[in-house]
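Let me begin by presenting the structure, written as structure tokens, before commenting on it.
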Protein chains: 2
Amino acid sequence: MDFQSADDGSVVSNLKTRKEETRQRIVETASRLFQQKGVDGVGVDEIMRESGLTHGGFYAHFANKEALVAEACTCALQQASAKWSGLGQLLSDDARFEQFMNEYLAGDPRTGAPACPAAMLGPDVARRGEAVQAAYTAGVKRMIEVIAKEAGAEREEAIAMFAAMIGATNLAASVGDDKALAAEILQATRRQLLQCGVAEG
Amino acid sequence: MDFQSADDGSVVSNLKTRKEETRQRIVETASRLFQQKGVDGVGVDEIMRESGLTHGGFYAHFANKEALVAEACTCALQQASAKWSGLGQLLSDDARFEQFMNEYLAGDPRTGAPACPAAMLGPDVARRGEAVQAAYTAGVKRMIEVIAKEAGAEREEAIAMFAAMIGATNLAASVGDDKALAAEILQATRRQLLQCGVAEG
DNA sequence: CATATCGTATGACGATCGTCATAATCCAAG
DNA sequence: CTTGGATTATGACGATCGTCATACGATATG
């Protein structure tokens with residue numbers, strides 16, 4: 001609602017930042033809601049309301065919903081990349097590999113939500129326009145590099161690991177009413193990745 | 001509900017079959033469109049039109065859209081299971097494993113569409129009601145058994161393989177504007193599965 | 001205090017959504 | 001041909017969708 005106005009010369013900068021902040025808030029809200037309910041499952045109305053605004057002002061920030069979808073994808077994958085950058089620099093490669101994988105597959109311990117935005121947004125992105133796919137692709141490339149670095153793996157191995165974790169997250173979330181099966185899926189993927197990763201590393 | 005006195009069995013059967021056939025056509029159309037455009041991306045209107053009908057008659061066949069979604073999931077995974085049941089009974093386990101995996105990851109050579117409905121429907125299912133998730137879960141269990149049998153793998157291995165293929169399909173489809181990356185993803189998953197599968201089998 | 005500017009709110013538009021009551025059409029049986 | 005039940009089409013409802021023109025209110029400057 002109200003913000004700290006600096007009395008020094010950075011007033012103009014603050015004004016500029018206000019709209020930027022609002023815009024960023026909309027993007028982050030959208031990123032969260034898109035993952036929860038799907039891109040077609042959330043309207044501009046709900047995104048703005050959840051951001052503490054009203055729907056009409058949306059087009060002062062974005063050309064259309066598609067542009068927001070692209071930015072939300074960038075934001076979601078950016079946050080995921082940042083979350084795992086600099087995970088455990090002190091551990092051995094094998095230990096980092098295992099820790100990374102376990103945390104990734106576990107998801108958010110509080111909400112129980114999948115930790116992998118790529119898994120939940122994937123099919124939605126595949127059905128949307130070029131700009132959205134480009135934003136998603138750039139995020140995926142960053143994620144691959146982060147995984148390779150943090151898990152101490154070759155690029156090809158990192159890609160396979162990423163795909164496997166996405167698939168496991170995807171499957172586990174979709175059979176969510178069968179907790180035993182969901183756990184079995186995550187466990188099977190954990191074991192396979194560990195086996196291959198250790199065997200190769 | 002309604003019982004027909006069976007003085008002529010074929011007639012009753014014909015009457016019964018007509019509505020059943022229409023219903024089945026709707027389900028298969030929905031299954032295809034849901035995978036292409038997402039569950040929230042297709043309306044009852046389009047599904048009926050694409051089935052050669054008009055939208056109003058929909059509720060003579062289904063209680064609501066949610067019920068159709070559940071049936072479409074069952075249908076999609078059922079077709080996928082059937083497609084790979086009895087793939088290559090003559091080959092060795094290793095050869096079947098490789099062939100199965102290659103065909104699965106390749107997708108439909110004509111349309112280029114992913115061969116795995118589970119991958120495209122997953123997140124959509126995760127966001128819908130209990131009935132839809134139950135239908136999807138049942139289909140996933142069948143698929144796991146089919147994979148274990150056709151690829152000559154243990155259950156745990158089959159689950160990990162299924163998850164990896166879903167993830168690879170998911171990722172490759174979503175970075176579709178970057179053909180090189182998509183190919184790299186499929187290739188990395190192929191190699192990892194082959195390595196683990198052969199090592200264990 | 002007056003004013004111009006920027007950010008947001010109000011309210012409306014055409015389109016499409018899921019749903020349903022009801023009318024029109026088909027087709028086997030008499 | 002007539003009839004009656006099964007099947008599909010018509011048309012409409014309230015709600016919500018994405019989008020936009022426009023008016024309001026706060027702020028920085030003179």
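Every chain is numbered from 1 and lettered A, B, ... according to where its sequence line falls, protein lines coming before strand lines.
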Under-4.0 Å side-chain N/O to phosphate OP1/OP2 contact, Thr22(A) with dG7(C)
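No, because none of the side-chain N or O atoms of Thr22(A) sits under 4.0 Å from OP1 or OP2 of dG7(C).
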Among residues 25-37 of chain A, which ones have heavy-atom contacts with DNA chain C below 4.0 Å?
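The answer is none.
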Under a 4.0 Å heavy-atom cut-off, which of residues 46-63 of chain B touch DNA chain C?
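Within this stretch, His55(B), Gly56(B), Tyr59(B) sit under 4.0 Å of the strand.
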Not counting sequence neighbours, which residues clear side chain to side chain contact (heavy atoms under 4.5 Å, CB included) with Ala72(B)? List them please.
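So Ala72(B) forms a side chain to side chain contact (heavy atoms under 4.5 Å, CB included) with Ala30(B), Ser31(B), Phe34(B).
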I'd like to check the side chain to side chain contact (heavy atoms under 4.5 Å, CB included) partners of Asp178(B); sequence neighbours left out, ordered by chain and number.
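Per chain and number, Asp178(B) pairs via side chain to side chain contact (heavy atoms under 4.5 Å, CB included) with Thr137(A), Lys141(A), Ala180(B), Leu181(B).
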Output all residues satisfying side-chain hydrogen bond (donor to acceptor under 3.5 Å, both in side chains) with Glu50(B), sequence neighbours left out; order by chain, then residue number.
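So Glu50(B) forms no side-chain hydrogen bond (donor to acceptor under 3.5 Å, both in side chains) with any residue.
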Applying side-chain hydrogen bond (donor to acceptor under 3.5 Å, both in side chains), can you list everything that pairs with Glu28(A), at least two apart in sequence or on another chain?
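Testing Glu28(A) for side-chain hydrogen bond (donor to acceptor under 3.5 Å, both in side chains), a comparison that skips the adjacent residues, returns Gln24(A).
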Can you pull the salt bridge (charged side-chain N to carboxylate O under 4.0 Å, His left out) pairs that have at least one residue in residues 34-44 of chain A, sequence neighbours excluded?
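For residues 34-44 of chain A, and leaving out neighbouring residues, the salt bridge (charged side-chain N to carboxylate O under 4.0 Å, His left out) pairs sorted by first residue read Lys37(A)-Glu46(A), Asp40(A)-Arg128(A).
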For Glu130(A), look at atom CD and say whether over 12 heavy atoms of other residues, nucleotides or ligands are found less than 6.0 Å away.
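No, because the 6.0 Å sphere around CD of Glu130(A) holds 12 heavy atoms or fewer from other groups.
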Listed in order of residue number, which residues of residues 125-136 of chain A have a non-hydrogen atom at under 4.0 Å from DNA chain D?
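By residue number: none to list.
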Between Glu21(A) (CD) and dC6(C) (P), how many Å, whole number?
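After rounding, the gap between these two atoms is 18 Å.
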Give the rounded distance in Å between these two atoms: CG of Asp45(B) and P of dC20(C).
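Between P of dC20(C) and CG of Asp45(B): 16 Å.
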Salt bridge (charged side-chain N to carboxylate O under 4.0 Å, His left out) involving [X] - partner list, sequence neighbours excluded:
X	answer
Arg190(B)	none
Glu98(A)	none
Arg142(A)	none
Arg25(A)	none

Nearest to the Lys65(B) side chain among dT8(D), dC17(C), dG18(C), which nucleotide is it?
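Looking only at side-chain atoms, Lys65(B) lies closest to dG18(C).
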